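Inspection log for the structure reproduced underneath, given as structure tokens.
Values in this document were obtained by computation on a predicted structure and should not be read as measured data. Whatever order the structure lists ligands and atoms in, that order sets their numbers, starting from 1. All residue numbers refer to positions in the sequence shown, counting from 1.
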Amino acid sequence: MKITSGSTPAYVGRFAPSPSGPLHFGSLIAALGSYLRAKANHGQWLLRIEDIDPPRAVEGAADDIRNTLENYGLYWDNRVLYQSQRFDAYQQCIDRLLQQGDAYFCQCSRREIQQNMHGIYNGHCRHLGLTEGAVRLHNTQKVAAFEDQLLGSIHVSQSFAGEDFIILRSDGLYAYQLAVVLDDAHQGVTEIVRGADLLEASCRQLSLYRQLQLPTPAFLHLPLACLRQGFKLSKQNHAQALDKKRPHLALQQALAFLGQAAVIDDTSERMLAQAVAQFDMARIPKQTERLISD
Ligand code: GLU
Ligand code: ZN
């Protein structure tokens with residue numbers, strides 16, 4: 001039986017892919033890194049499908065992601081959470097923030113913000129009493145720095161940190177920042193392990209945790225797999241889908257990318273068990289980007 005002391009909650013980690021296409025090597029880094037960290041801490045590893053944007057969801061992509069994870073031996077705990085089933089929770093939160101005066105409607109266009117406000121929203125609509133449009137958080141909990149578990153102190157500009165950012169888009173879609181915070185809190189996630197492309201997003205999310213008075217998780221950002229400097233591997237630049245039938249090579253490459261020792265070629269389950277046993281966080285490169293050798 002696992003014993004956890006009253007003050008330290010058991011570790012809960014997660015992987016939260018968007019179903020916009022098949023998993024690629026970049027997604028495998030986030031999946032494997034978060035899995036190893038959770039399992040090395042004897043924790044749970046949850047799967048959340050971020051289908052918050054139904055028009056962008058690719059038919060069959062969520063099933064394909066689940067199959068790929070299973071073929072790679074990356075079995076998740078509990079039931080998969082789908083963001084598309086959480087719209088009521090997001091809406092309730094927005095309604096409450098609006099009622100409390102902690103959020104407001106805004107009708108400024110991206111262009112106006114770019115041209116008149118130098119790209120950082122200046123609170124123009126805060127006291128206009130608009131009743132439709134996008135919804136912005138009245139951001140009273142500026143977070144300009146946090147301690148990343150791998151990278152150490154992370155800083156963003158004061159103006160970015162204090163921006164009233166969007167929580168409901170003008171097209172009616174829920175904003176990623178809001179959904180991810182409500183879901184990570186709902187699922188009891190204690191540490192968020194993901195790619196370093198979301199470092200700045202973490203400041204926004206910390207503002208939301210504080211404003212909503214939710215317990216704050218730890219953050220650990222892994223180096224991003226890049227084709228060349230500044231170009232991350234992504235669906236947009238046609239990253240190759242992971243080979244579902246041959247997980248071994250990609251698993252070894254992902255372990256090497258994360259600075260981990262190689263494992264003996266075997267079933268993916270046994271390879272992962274060995275990788276968990278020898279997982280060493282100190283070996284993960286403390287970088288926001290890493291080139292992949294082709
Ligand atoms: N769904 C996001 C993505 O695919 C990841 C969100 C997160 O890990 O917080 O990039
Ligand atoms: Zn506005």
**Q.** Element-labelled atoms of ligand 1 that are located less than 4.0 Å from some non-hydrogen atom of Val180
**A.** 9 (O)
Q. Atom 5 (C) of ligand 1: which protein heavy atom is closest, and how many Å away?
A. Ala16 O, 3.4 Å
Q: Could you find the nearest protein heavy atom to atom 7 (C) of ligand 1 and give me its residue, atom name and distance?
A: Arg14 NH1, 3.3 Å
Q: State, with a plain yes or no, whether a side-chain heavy atom of Leu28 is found less than 4.5 Å away from one of Leu74.
A: yes
Q: Determine, for Phe160 and Arg204, whether the Lys NZ or Arg CZ falls below 6.0 Å from the six-membered ring centre while staying within 45 degrees of the axis.
A: yes
**Q.** Tyr35-Phe15 aromatic ring centre distance below 6.0 Å
**A.** no
Q) Which is it for His221 and ligand 1 at heavy atoms under 4.0 Å: side chain, backbone, both or neither? A) neither
Q | Vertex the Zn ion (ligand 2), rays to SG in Cys108 and SG in Cys106 - rounded to 10° | A | 110°
Q | Vertex the Zn ion (ligand 2), arms to Tyr121 OH and Cys125 SG, rounded to 10° | A | 100°
Q. Between Asp265 and Gln252, is any pair of side-chain heavy atoms under 4.5 Å apart?
A. yes
Q: Under 4.0 Å, heavy atoms only, figure out whether ligand 1 is touched by the backbone of Tyr176, its side chain, both or neither.
A: side chain
Q) Which of the numbered atoms in ligand 1 are below 4.0 angstrom from a heavy atom of Arg194? A) 7 (C), 8 (O), 9 (O)
Q: Please could you name the atoms of ligand 1 that Ser18 approaches to less than 4.0 Å, counting only its heavy atoms?
A: 1 (N), 2 (C), 3 (C), 4 (O)
(Q) Please list, in number order, the atoms of ligand 1 under 4.0 Å from a heavy atom of Glu50. (A) 1 (N), 2 (C), 5 (C), 6 (C)
Q) What's the spacing between Leu224 CG and Ile29 CD1 if we round to 0.5 Å? A) 10.0 Å
Q.
I'd like to know if Arg246 and Asp243 make a salt bridge, using a cut-off of under 4.0 Å between side-chain N and carboxylate O.
A. yes
Q) Once you round to the nearest 0.5 Å, how far does CG of Leu214 lie from NE2 of His186? A) 12.5 Å
(Q) Would you compute the distance between atom CG of Leu208 and atom CG of Asn139 and round it to the nearest 0.5 angstrom? (A) 8.0 Å
(Q) Less than 4.0 Å from atom 1 (N) of ligand 1, is there any heavy atom belonging to the protein? (A) yes
